[in-house]
Asker: 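Mind looking over this structure? Questions follow.
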There are 2 protein chains.
Amino acid sequence: MVGTTESGPPGTSAWWAAHAERLERRRPRVDGLTIERIVDEALALVDGEGLDALTVRGLAARFDTSSATLYRHVASRDELLVLLVEQVLGEIRLPDPSLAGRTKVLELSTEFRRVLLAHPNVVDALRAAPLNGPNAVRCADAGLANLLDAGYPPDLAIPAYLAMIDYVLGSVFFRSAGGDPQPFPPAPEGAPTLEANWSEVAESESEKVFAFGLEMFLTGLDRLTGR
Amino acid sequence: MVGTTESGPPGTSAWWAAHAERLERRRPRVDGLTIERIVDEALALVDGEGLDALTVRGLAARFDTSSATLYRHVASRDELLVLLVEQVLGEIRLPDPSLAGRTKVLELSTEFRRVLLAHPNVVDALRAAPLNGPNAVRCADAGLANLLDAGYPPDLAIPAYLAMIDYVLGSVFFRSAGGDPQPFPPAPEGAPTLEANWSEVAESESEKVFAFGLEMFLTGLDRLTGR
DNA sequence: ACCTGAACACCGTTCAAGT
DNA sequence: ACCTGAACACCGTTCAAGT
């Protein structure tokens, strides 16, 4: 991308600041492309065909143009991933502030998971770069605030916060980018315990498993804090 | 790979059966290559340079040969990923059977996580194909057996089992393939709650966070089962 | 100043031609 | 029968040459 001022790698705070400036300074282009249109199209492409299908060439083709032309709007494929993630995180609706803390904790976790499952092919991009976009920061702050609001002391709320983020990500892992429909659990041949419980294991709904795990976790927290 | 009998996609039970047969039928090759040597080298490559660096051409180069030659031993890059995953899962040591059930649950989860963190670049390959290899099946069966052995009834043990696998995977997500060193949490600019707790958040050890989450989860299970 | 065809250094995979 | 150079259809990214 010609004329880009140095701003560090995509996704860093410095890059986000420079990005905001670029958006303000921009003038109309003859090709009619904007970052917004490009990211929208990229998300449609990734949702439909997977993260690997997001190639600069392929995306350019959707606009009937060449990769070189796209590079006048986006500095790299990595930058595209950063913008894609921020766009998806923007779909997360924070719980009503007036709700009880524990309810907000449950709701935000479930909402985070819902949005990731709405865009499973984007999940891998979450770790491609730092998560310093406005939407990421907004959600990250709310997550910790909710736990504190629920009354858990900081020395429990903080590890609980970090553990819950891991849990949400793990709960979508096998259904995310490039994932086989059912990689796990394995066929139970040669696995006596799995075989004996196979119908219950195979029929488990991931939604219910997630809610169960979340509830167990919070119940443990409650017991530890004497509730 | 010439002469491969049809056996379904890599990672399926049918494929594993055919794979075992192939290993038995094989005769020495003039190039001196074996699947074992290829997988060992692939793992070294992935551990050192990431999953994306595992290219058929690049791997062939490590044996001073061409990609076409490698394709006489391995049918596809996907097959390589399946074998890589199985190799890594083979490093998981199951807990001593004589230990208490709850202890075994904690130990196996921690061991699973340890092995994944020893090969963070392999983690993504876990969902590339079904997990029906002998090592995967062995570990999967032990995981459920341990929970039942701990005394949790099947209708709790099964969702607990599935939730715990998700949790382990989530706990390594941000440190796995292609992951930035520290993508999360974000820099706390504009995030008042994160900012107020920043030193505690930033200094959290992922090992401790993981153990905390696991303990909370099992404590919740204990309470639900009246313990 | 802005745009882009063509090139560079890569991919996974196949197969005809060699031994 | 076994092996592999060369090709096919792709990548991300750059830049000289055009307008």
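None of these values were measured; they are calculated from a predicted model. We use all heavy atoms of the structure for the numbers below, so side chains are in, but hydrogens, waters and symmetry mates are not. In what follows, chains carry the letters A, B, and so on, assigned in the order in which the sequence lines appear, proteins first and then strands, with residues in each chain numbered from 1.
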Asker: With nearest nucleotides of DNA chain D determined for Thr65(B) and Leu54(A) from heavy-atom distances, which residue corresponds to the more 5′ nucleotide?
Answerer: Thr65(B)
Asker: Over how many whole Å does the gap from Leu51(A) atom CG to dC11(D) atom C1' extend?
Answerer: 14 Å
Asker: What is the distance, to the nearest angstrom, from the CG atom on Leu33(B) to the P atom on dT4(D)?
Answerer: 9 Å
Asker: How are the rings of Phe174(B) and Phe184(B) set relative to one another: parallel (under 30°), tilted (30 to 60°) or perpendicular (over 60°)?
Answerer: parallel
Asker: Side chains of Thr69(B) and Arg29(B): any donor to acceptor distance under 3.5 Å?
Answerer: no
Asker: Are the side chains of Val85(A) and Val122(A) in contact, using a 4.5 Å heavy-atom criterion?
Answerer: yes
Asker: Is Arg37(A) positioned over the aromatic face of Phe63(A), cation under 6.0 angstrom from the ring centre and no more than 45 degrees off axis?
Answerer: no
Asker: Taking CZ from Arg77(B) and C1' from dC11(C), how many angstroms apart are they, rounded to a whole number?
Answerer: 10 Å
Asker: Under a 3.5 Å distance rule, please check whether Tyr167(A) uses its side chain to pair with a backbone N or O of Phe210(A) as donor and acceptor.
Answerer: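 Yes; at least one donor-acceptor contact below 3.5 Å.
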Asker: How long is the line joining CZ of Arg29(B) and C1' of dT4(D), in whole Å?
Answerer: 13 Å
Asker: With sugar-phosphate meaning primed atoms plus P, OP1 and OP2, does Leu80(A) contact a base, only sugar-phosphate, or nothing at under 4.0 Å between heavy atoms?
Answerer: nothing
Asker: So if I take every side-chain heavy atom of Val56(B) and compare against dT4(D), dC2(D), dG12(C), which nucleotide ends up nearest?
Answerer: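 Among the listed nucleotides, the one closest to the side chain of Val56(B) is dG12(C).
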Asker: Go through the side-chain N and O atoms of Ser67(B) and Arg77(B) and say whether any donor and acceptor fall under 3.5 Å apart.
Answerer: no
Asker: Reading DNA chain D 5' to 3', how would its secondary structure be written in dot-bracket notation, given Watson-Crick and G-U pairs with both distances under 3.5 Å, brackets [ ] for crossing pairs and | for partners on other strands?
Answerer: ||.|||||...|||||.||
Asker: CG of Leu70(A) versus C1' of dG12(D): gap in Å, rounded?
Answerer: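 Atom CG in Leu70(A) sits about 12 Å away from atom C1' in dG12(D).
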Asker: Identify which nucleotide among dG12(C), dT14(D), dT4(D) has an atom closest to any side-chain atom of Tyr71(B), counting heavy atoms from C-beta outward.
Answerer: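 That would be dG12(C).
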Asker: Hey, could you give me the CD1/CD1 distance between Ile35(A) and Ile38(A), rounded to the nearest 0.5 Å?
Answerer: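 Result: 6.5 Å between the selected atoms.
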Asker: Can you measure from CG (Leu169(B)) to CZ (Arg127(B)) and round to the nearest 0.5 angstrom?
Answerer: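 The CZ atom of Arg127(B) is 9.5 Å from CG of Leu169(B), to the nearest 0.5 Å.
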Asker: Give one of base, sugar-phosphate or nothing for Leu59(A), where a contact means two heavy atoms less than 4.0 Å apart.
Answerer: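 Here Leu59(A) touches no strand at all.
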Asker: To the nearest angstrom, how far is Asp31(B) atom CG from dT19(C) atom P?
Answerer: 18 Å
Asker: Consider only side-chain N and O atoms of Gln87(B) and Asn135(B), and report whether a donor and an acceptor are under 3.5 Å apart.
Answerer: no
Asker: Reading nucleotides 5-10 of chain C 5' to 3', which nucleotides get B (base under 4.0 Å from a protein heavy atom), which S (sugar-phosphate only), which -?
Answerer: B-B---
Asker: Starting at atom CZ of Arg72(A), determine the distance to atom C1' of dT4(C), rounded to an integer number of angstrom.
Answerer: 9 Å
Asker: For the pair made of CZ in Phe63(A) and C1' in dT4(C), what is the distance, rounded to whole Å?
Answerer: 17 Å
